[in-house]
Protein chains: 2
Amino acid sequence: MAGRETNPNFMNGVPELLILRLLQQEEMYGYEIVQAIRSRTDAVVAVGEGVVYPVLHALEHDGALTSRRKTVNGRSRIYYSVTPAGSRRLSELSETWANLASAIHKMLTGGQHGEAIS
Amino acid sequence: MAGRETNPNFMNGVPELLILRLLQQEEMYGYEIVQAIRSRTDAVVAVGEGVVYPVLHALEHDGALTSRRKTVNGRSRIYYSVTPAGSRRLSELSETWANLASAIHKMLTGGQHGEAIS
DNA sequence: CCATGATACCTCGAACTGCAAGGTATAGAA
DNA sequence: TTCTATACCTTGCAGTTCGAGGTATCATGG
């Protein structure tokens with residue numbers, strides 16, 4: 001929340017959005033997230049570990065996520081969950097994305113200028 | 001130009017896409033494009049001149065656009081039109097965008113994991 | 001006649017994101 | 001024991017976009 005409002009770039013934050021969305025449905029760990037995004041989008045979106053881990057850390061630092069260690073099969077994993085603040089963040093990002101996608105879609109499919117819907 | 005297939009940032013190229021789309025519908029000049037994008041998207045997307053002019057020059061350099069000077073009301077304008085190559089480029093970018101938007105939409109609205117559509 | 005604002009072009013440096021590539025470490029299979 | 005998969009992490013690079021600035025013309029108003 002306090003964090004950063006530095007960036008008016010309209011296209012960014014998609015990895016963050018997808019990660020929050022996944023974690024809201026289900027507690028997950030970094031390595032798993034990388035594969036989940038790849039598989040659920042049929043590799044249309046493929047964010048690597050170099051993207052996911054920094055995002056997880058930043059989100060946790062901002063209080064949008066909490067983590068807990070868990071050892072499974074002798075493997076140490078860090079599971080992340082969405083906090084209420086993270087849930088709000090997800091809502092904001094979702095809406096921003098929806099607006100953007102809608103605006104672009106209109107431009108790509110719409111007619112000349114302000115179409116008269118008669 | 002022909003070579004691609006690297007794994008470039010999956011989110012970029014939207015200004016290029018919108019510019020090509022506008023120009024395919026209608027010959028336009030830079031300053032006009034800036035305002036057209038802003039007004040047709042209700043300012044959801046607002047690319048500045050610092051984005052538009054370099055993109056126009058790059059596209060022309062790549063053979064995707066042609067330009068012609070025209071003086072209107074004593075004002076010199078540079079009108080751009082889409083070439084066949086530019087038209088192909090637009091098709092590619094459109095499809096890429098459609099795939100991306102669709103994949104993200106599924107992730108945002110879909111249920112847990114890969115549900116079988118029986 | 002000059003100041004201001006809109007039009008119309010342009011470029012540069014900064015900022016940001018996302019990516020590939022590398023590094024560590026454990027577990028299980030070959 | 002070596003290789004692959006799992007699981008974590010950081011760093012430097014590359015490519016985009018943004019903001020701020022610069023030039024010049026035209027119309028309007030004081």
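Order of the sequence lines fixes the chain letters, A, B, ..., with proteins taken first and strands second; residue numbering starts at 1 for each chain. What you see is a predicted model; the values in this text were computed from it and never measured.
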Atom [atom1] of [X] and atom [atom2] of [N]: how far apart are they, to the nearest Å?
{"X": "Ile33(B)", "N": "dT7(C)", "atom1": "CD1", "atom2": "P", "answer": "16 Å"}
{"X": "Tyr80(A)", "N": "dA7(D)", "atom1": "OH", "atom2": "P", "answer": "14 Å"}
{"X": "Glu16(B)", "N": "dT17(D)", "atom1": "CD", "atom2": "P", "answer": "8 Å"}
{"X": "Glu60(A)", "N": "dC9(D)", "atom1": "CD", "atom2": "C1'", "answer": "14 Å"}
{"X": "Tyr79(B)", "N": "dT7(C)", "atom1": "OH", "atom2": "P", "answer": "13 Å"}
{"X": "Met28(A)", "N": "dA7(D)", "atom1": "CE", "atom2": "P", "answer": "11 Å"}

The test is side chain to side chain contact (heavy atoms under 4.5 Å, CB included); show your working for Ile19(B) and Val47(B) and say whether it passes. CA-CA 10 Å; Ile19(B) 289 169; Val47(B) 290; 5.8 Å; no
Nearest heavy atom decides the nucleotide; on that basis, is Glu49(B) or Val55(B) closer to the 5' end of DNA chain D?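 Result: Val55(B).
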Can you pull out the residues from residues 68-76 of chain B that lie within a 4.0 Å heavy-atom distance of DNA chain D?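 Residues of residues 68-76 of chain B that come under 4.0 Å of DNA chain D are, in numerical order, Asn73(B), Gly74(B), Arg75(B).
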Are a donor atom and an acceptor atom from the side chains of Thr66(A) and Glu60(A) found within less than 3.5 Å of each other?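 Not at all, the side chains of Thr66(A) and Glu60(A) share no donor-acceptor pair under 3.5 Å.
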Proximity to the side chain of [X] - top-ranked nucleotide from [options]:
{"X": "Ile78(A)", "options": "dT17(D), dG18(C), dC8(D)", "result": "dC8(D)"}
{"X": "Val47(A)", "options": "dC19(C), dA8(C), dT6(D)", "result": "dC19(C)"}
{"X": "Arg77(B)", "options": "dG18(C), dA8(C), dC8(D)", "result": "dA8(C)"}

Report yes if at least one side-chain N or O of [X] is closer than 4.0 Å to OP1 or OP2 of [N]; otherwise report no.
{"X": "His57(B)", "N": "dT11(C)", "value": "yes"}
{"X": "Tyr31(A)", "N": "dC8(D)", "value": "no"}
{"X": "Tyr53(B)", "N": "dC10(C)", "value": "no"}
{"X": "Tyr29(A)", "N": "dC8(D)", "value": "no"}

Mind checking ring pair (Phe, Tyr, Trp, His ring centres under 6.0 Å) for Tyr31(B) and listing every partner two or more places apart, or none if nothing turns up? none
Contact between Val45(A) and Arg38(A) at the side-chain level, heavy atoms closer than 4.5 Å - yes or no?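 Val45(A) does not reach Arg38(A) side chain to side chain.
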Steps toward side chain to side chain contact (heavy atoms under 4.5 Å, CB included) verdict (Leu22(B), Glu26(B)): CA-CA 6 Å; Leu22(B) 283 175; Glu26(B) 184 183 355; over 6 Å; no
Under 4.0 Å, heavy atoms only, any strand: does Gly50(A) hit a base, just the sugar-phosphate, or nothing?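 Since a base atom lies under 4.0 Å of Gly50(A), the category is base.
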Between Gln35(B) and Val51(B), name the one whose nearest nucleotide on DNA chain C is closer to the 5' end.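 Nearest nucleotide further toward 5': that of Gln35(B).
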Assess the residue pair Arg77(A) and Glu32(A) against the criterion (salt bridge (charged side-chain N to carboxylate O under 4.0 Å, His left out)); give the C-alpha distance rounded to whole Å, side-chain angles, the decisive distance to 0.1 Å, and a yes or no. CA-CA 10 Å; Arg77(A) 298 173 178 170; Glu32(A) 189 185 8; over 6 Å; no
Please round to the nearest 0.5 Å and tell me the distance separating atom OG1 of Thr41(B) and atom CG of Asn99(A). 10.5 Å
